[in-house]
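Numbers here simply count residues along the sequence, with the first being 1.
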Amino acid sequence: MDDYCYAKMATSAKREHERESAPPTENNLKSEDEGNLQPASQAPPCARCTPFTVAAMGKMSVPQTEECHRKVTAHIIKRLHPFSEVESPTFRDVVKTLNPKYTPPSRDYLSNTLIPAWYKVEKCNIITELRETSSVALTCDGWSSITQDHYLTITAHYIIEGEMQQKVLKTKAVYKAQTGCIVAEEISDVLSEFAISEKIIAVTVDNVANMYVAIKRLQFVKLCCFAHTLNLAAQSLYSLNSVSQWVAKVRAIVVWMKRCLMAKVVLKEKQELLQLPRHSLILDVRTQWNSLYLMLERFTEQYHAIQAATLDQRLRKNMERDRLARLTEEDFRKAEDFISVMKVLYTSTLCVSSEKSPTCGQILPILKKLEAHLAVKDGDTVFVSNLKKQIWENLSKRYQNDEIRAFLQLASALDPRFKHKLDDDTIWDQIQRKLIEQSTEEVCGADGNTMQSENEANEENEDEQESQQPPCKLPKKTPMEELFAEEEAQSIVSQQSSMSIKKRVERELRMYQDVPPILMSDDPAAWWWNQQKTYPLLSDLAFSYLCVQASSTPSECVFSTAGDTICPERSRILPEKADMVIFLNKNCL
């Protein structure tokens, strides 16, 4: 019985193998390409099984292949992988496992065809989008790669439908001397390439001299990066001997405990014993003042654990051998005073650097708050007084140019979060004059365009009569619109003629001033977009100033991506390809 069963099973397996290995026939041929090839039983009588139809069964359609190419290209761009990744055996093995029919593109095809084609399409989309906006603000900054090539990055900021847009226009390699004239030419070429030379409201850059000359040569409004300004004010504290000597003492302890393996072990034991958070110590970087604040903040948090660790017998002899000064309660009190003074400055830096799109309307309100916070009070110690005087002495010299200050005041007034935080009420008169001038120019331009359009319409009507073509059908009016069409037209004309431009401007300004300010968490651009019907004149002016950035952080963030793009593993990438990769990485996906 067993031998019979085994023989039967072997016969069935043999027949199944012969059925699978047999060539395709009209009965078993089926399509594997989205149903394009139908079984022979459903195909027309003339359909034949040929070698070409069998070969087509193992291929993907052109749309499917293009879609897979797009996904692979997006993966390489977004993750900043080398172009050679598409030819690596592991990558191709993964792709073959997921879809045996798909063959990834070669490195050459990816670099010279797919990425440039995608870049061209996205660049045209941004140019079309920029054509629809009337005001654009820029941020610019320079950067040197590991190959010592200098790059200039320009980012554009504008508002569309109440939403702030941020686009990287160019990360361009510059091989000339970085003088103000050269930088101005490079910026001008980029603006002409994107057709926005006449739409620039202001440019936000750092305090480098060549940028100042370049923006002045281009005759744009130049704003100094507010985050860089706060950093310079904080860096000035190192000039105080009382601060520099005390910070050096704390830094020496932190460096020693981070380098010593036994110190790390002992510190963790003390943290657990004192029930403190198991945080590592932070070491400051001279060029980044925020790191000094964070180092001292962590120092105050872990002070008792640090003090206990330095008194431990396992570390005491080593500290005495290295001649490290021991920490005292006076050092702890100074750290607490330093944090209480610098916390507002640290928070201000975060406001203009970590937010999605900080506008220049924040600058003057923040400066006003810092002035009140840094005012010397009766109960302040000598250490605290010196800190406050040194910081405010540096900050008080900033943004004193009359043109720049008027620009910032107008931007703050048009920000519904800060409109009541202004000291100078004359700014409303300036807004009124600006709105009247702007509205008058628009009316004159509209009249000229209307006359031109009427002439063109008359010529078109004559041409239509000559050609005897049937007129275009107008949309049919509802019975209510048809019944009251004349009265509605007369009311619109009477409203527009009865109220002059000056009265309309005064009315909008009065209404805007009476409305309470919005919350700090609200989006001012979205608020103006929702209030367009209420403030038709004022909203257009507000959009022009809300797109101006308070800091050049967007350009500096681009260099983080540029550093990952032009890295030691990809140091031979061409500047043109690096620009495409950065452009697509920051603007797409």
(Q) Strictly by side chain to side chain donor-acceptor pair (under 3.5 Å), give each pair with a member in residues 199-214 just once, sequence neighbours left out. (A) N207-H228
**Q.** Pairs where residues 127-140 contributes a residue and the test side chain to side chain donor-acceptor pair (under 3.5 Å) is met, not counting sequence neighbours
**A.** E129-Y158, S135-S544, T139-T155, T139-S555
Q.
The criterion is side-chain contact (heavy atoms from CB on, under 4.5 Å); which residues satisfy it with I146, sequence neighbours excluded?
A. P568, S571
Q.
Enumerate the ring pair (Phe, Tyr, Trp, His ring centres under 6.0 Å) contacts for residues 365-384, please, sequence neighbours excluded, ordered by first and then second residue.
A. W246-F383
Q) Mind checking what makes side chain to side chain donor-acceptor pair (under 3.5 Å) contact with N290, not counting sequence neighbours? A) none
Q. For E122, what residues pass the side chain to side chain donor-acceptor pair (under 3.5 Å) criterion, not counting sequence neighbours?
A. W118
Show me the side-chain donor-acceptor pairs of residues 250-259 shorter than 3.5 Å, one per line, residues at least two apart or across chains.
residue, atom, partner, partner atom, Å
R251, NE, D284, OD1, 2.9
R251, NE, D284, OD2, 3.4
R251, NH2, D284, OD2, 3.1
W256, NE1, D322, OD2, 2.7
K258, NZ, L281, O, 3.0

Q) Does W528 reach the main-chain N or O of L414 with its side chain, forming a donor-acceptor pair under 3.5 Å? A) yes
Q) Listed by chain and number, what are the side-chain contact (heavy atoms from CB on, under 4.5 Å) partners of S396, not counting sequence neighbours? A) W392
(Q) Before you tell me yes or no, could you show the steps for D579 and K172 under salt bridge (charged side-chain N to carboxylate O under 4.0 Å, His left out), namely the whole-Å CA-CA distance, both residues' side-chain angles and the distance that decides it to 0.1 Å? (A) CA-CA 7 Å; D579 176 36; K172 186 176 183 180; over 6 Å; no
Q.
So does V352 get a backbone contact from the side chain of S551, meaning a donor-acceptor N/O pair under 3.5 Å?
A. yes
Q) Are Y151 and F559 an aromatic pair by the rule of ring centers under 6.0 Å? A) no
Q) Relative to F583, does K123 satisfy both conditions: NZ or CZ under 6.0 angstrom from the six-membered ring centre, and within 45 degrees of the ring's axis? A) no
Q.
Would the distance check show the side chain of K419 and the main-chain N or O of Y512 forming a donor-acceptor pair, the cut-off being under 3.5 Å?
A. yes
Q | Any residue meeting side-chain contact (heavy atoms from CB on, under 4.5 Å) with S244, in chain and number order, not counting sequence neighbours | A | N241
Q | With sequence neighbours excluded, residues passing side-chain contact (heavy atoms from CB on, under 4.5 Å) with S239 | A | Q390
Q) Judged by atom type as modelled, is there a donor-acceptor pair below 3.5 Å linking the side chain of Q178 to the main-chain atoms of V183? A) no
**Q.** For Y293, all residues meeting ring-ring contact (aromatic ring centres under 6.0 Å, His included), sequence neighbours excluded
**A.** Y346
Q. By ring-ring contact (aromatic ring centres under 6.0 Å, His included), which residues pair with F418, not counting sequence neighbours?
A. none
Q | Sidechain-backbone polar pair: Q400 side chain, R398 backbone, donor-acceptor under 3.5 Å | A | yes
